[in-house]
Amino acid sequence: MCSIMGYCGMAMPMARFREGFDRTISRGPDASRIVDTGNGLLGFHRLAIMGLQPEGMQPFSLDGDYLICNGEIYGFRPLREALIKKGYVMQSESDCEILLPLYREYGLSMFRMLDAEFALVLYDGKKKKYIAARDPIGIRPLYYGQDGTGAMVFASEAKNLVGLCEKIMPFPPGHYYDGEKFVCYRDMTKVDGYIEDDVETVCKNIREKLTAGIHKRLDSDVPVGFLLSGGLDSSLVCAVAARLLHKPIETFAIGMDVDAIDLKYAREVADYIGANHHEVIITKEDVLAALPEVVALLGTYDITTIRASIGMYLVCKAVHEQTDVRVLLTGEISDELFGYKYTDFAPDADAFQKESEKRIKEIHMYDVLRADRCISVNSLEARVPFGDLDFVEYVMAIDPKKKMNVYGKGKYLLRHAFEEGDYLPRSILMREKAAFSDAVGHSMVDDLKEYAEETYSDEAFREGCEKYDFARPFTKESLLYRDLFERYYPGQARMVSGFWMPNKEWEGCDVDDPSARVLANYGDSGK
C-alpha cells in the first residue's frame, strides 16, 4: 500500500498538513514527499511494489499537472507502450506513471478504462482544479472532508483528517470528484440483464475469470504471500496461485492457543498444494492487548470488522516482522457475491440480489476496510482477487436463482467451478464455512465478550448506550468498541453505515450478534 493526502486550498500550513499526513507513514515507509502545486499540497508515502527505482516516486508531474495515487493498474504495460508511441516519455517502470498521460489523452473518461484498484488525487495545472477518484469496489481507501475555509482535503485514511476536518466521510467507490461534485463512473451492482447460461457454463466462466483475477495479482517486483484460513475462499486463491506459479507459495495462518478451528484445515490445504506454510499462535492476552490499537487503525466500531481484524492484524504483523513478503493475497468479497450463511434465509431471488447489491456497495466500510488496514499498517500491500472488476461484474449478473442455496450447499457455484482439476481436497472444497473471527478460535469472541462484561455494569451499559444517537450500541461488546472508536475518531460515527449484521427483515435473521454461529443453519460450520 501507499498513503496519499491532498489539500485543495491555500490556508493550511505545511507543518499542519504534515502532522496529519504522517499518521499513516506505516502505509508507505520507503520514501515520503510533499509537493506544493502552487494551489495546494499533495503528499505521498511510498511502499515500493512496482517499479522500485527512485524515478517511481510520487507525486508525478507533467507540464504543471501533478498526481498522487495509491494503486495497482493491472495490464498497464500495453497502455504504457501506446502512450510512449504517442510521444510521452516515461521515467520509471511504475504502473501509476501512466495516469497523467492518460488524463491528457482521455480526460475524466480515463477512469472507466482502468482495470485497477486505486485512489488518486490529480491537480490540473491549466484548469487550476483538483480531481479525485476511487476504484469501483473501494479496495483502495480514500476519505474526504473540508477544512475551516471550505477547502477539500483528501487522504488515504480518516485518521489523517482528524482535527483538520469537522466531518470526515469515505470517498464513494466508483466515483470521481471533478472539483465541484461527485460523479459515478461505474456502478458494479448495476445489472442490465441476467446471464441465463446453464450452470456448467456459468461455473466454467467463474473458474476462468477468477483464475485470471488471481493471475494478474501475482505481478509484483517484491515477494508475494497468501493469507490462508483453511476456508473455501482463501484456499481457492492459494491453490490457483500455486498452480499458476509452478513453485511453492508462502502461506500464513493464525489461531488461538486453545481452540483454533481452522489451523488444521489451513495446514491440510498447504500440504496438498505444497506450500511453505507458517502458523501464528495467539493468546487471550494478545487479543485484549491488541484491541485498542486495532480499533485505532481500523476507524470503525463495527463488531464483525473488529472481531475479524484482531487475528488478521496479528498475522500480518508477524509476516512483516519475520519475512520479506510485501504483498498479501486474501479471500475477501466472495461472501457478498455468492452468499453467506444468513442469505440462506433470503425469501426469494430478488431479495438475494438486492442484499448482494447492498453488501457490495458497502463493503469498502467493512471487510475491504479490514483487509486494507490490517495489512497496510504493517507496511504490506493487500490484493483481493475476488474483487477483480471483470469477475465481480460477471457474478453480479448471474441469475440470482442460480446463486441462492438451492443445492443444499452454500456457494455451490464457486465450489462446483473448481471440482474438476484437483485444485483442493474435496473435504476442503465442500467444507461448510466458518466465520473467520470464530475460526481463529471460538474462545477469542468469548474472551472479548467477557472483557466487555467486566468493563461495564448493567447501569453503566444503559447510560453508555444513551450517549449515542447514531448506530446506538446494543450489547456491552458493541459499547466497548464504540467508546474506543470515539477516543480516536470523536464525532465521526457516520463515516460507517452502521453495524454489519444479517438482514433483520428476514425470518431467522433477527439476531443480536453478527456471528453466523448464532444462526439456526450454522450446523457443523467451524468444526
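Keep in mind that the numbers below use all heavy atoms, side chains included, and drop hydrogens, waters and symmetry copies. We're numbering straight along the sequence, starting at 1.
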key: Lys NZ or Arg CZ of R134 over F171 ring: under 6.0 Å, within 45°   = no
remark   = Exactly one candidate in V496, V294, L298, V295 meets side-chain contact (heavy atoms from CB on, under 4.5 Å) with T305; the answer is L298
query = Do you know which of L429, V237, I428, D335 makes side-chain contact (heavy atoms from CB on, under 4.5 Å) with L232?
reply = L429
inquiry  = Please check: side-chain N/O of E97 versus main-chain N/O of S92, any donor-acceptor pairing under 3.5 Å?
reply    = yes
ask   = Does a side-chain heavy-atom distance below 4.5 Å link Y313 with V377?
value = yes
ask   = Short question: side chain of R80, backbone of M90 - any donor-acceptor pair under 3.5 Å?
value = no
Cationic tip of R243 above Y423 ring, under 6.0 Å, 45° of axis = yes
request  = Answer yes if the ring centres of F499 and F474 are under 6.0 angstrom apart, and no otherwise.
outcome  = yes
ask   = Would R186 count as a cation-pi partner of F111, with NZ or CZ less than 6.0 Å from the six-membered ring centre and within 45° of the ring normal?
value = no
message = Can you confirm whether K401 is buried at NZ, in the sense that more than 12 heavy atoms of other residues, nucleotides or ligands lie under 6.0 Å from that atom?
response = no
message = Check this for me, if you would: do K216 and D388 make a salt bridge, where the nitrogen-to-carboxylate-oxygen distance has to be below 4.0 angstrom?
response = yes
inquiry  = Using a 3.5 Å distance criterion without hydrogens, assess whether the side chain of S356 forms a donor-acceptor pair with backbone atoms of F352.
reply    = no
message = Is it the case that the ring center of F338 lies less than 6.0 angstrom away from the ring center of Y412?
response = no
query = Taking all non-hydrogen atoms of both residues, which atom of R27 and which atom of S156 are closest, and how far apart?
reply = NE-CB, 4.1 Å
ask   = With distance as the sole test, does Q353 use its side chain to make a donor-acceptor pair with the main-chain N or O of M396 at under 3.5 Å?
value = yes
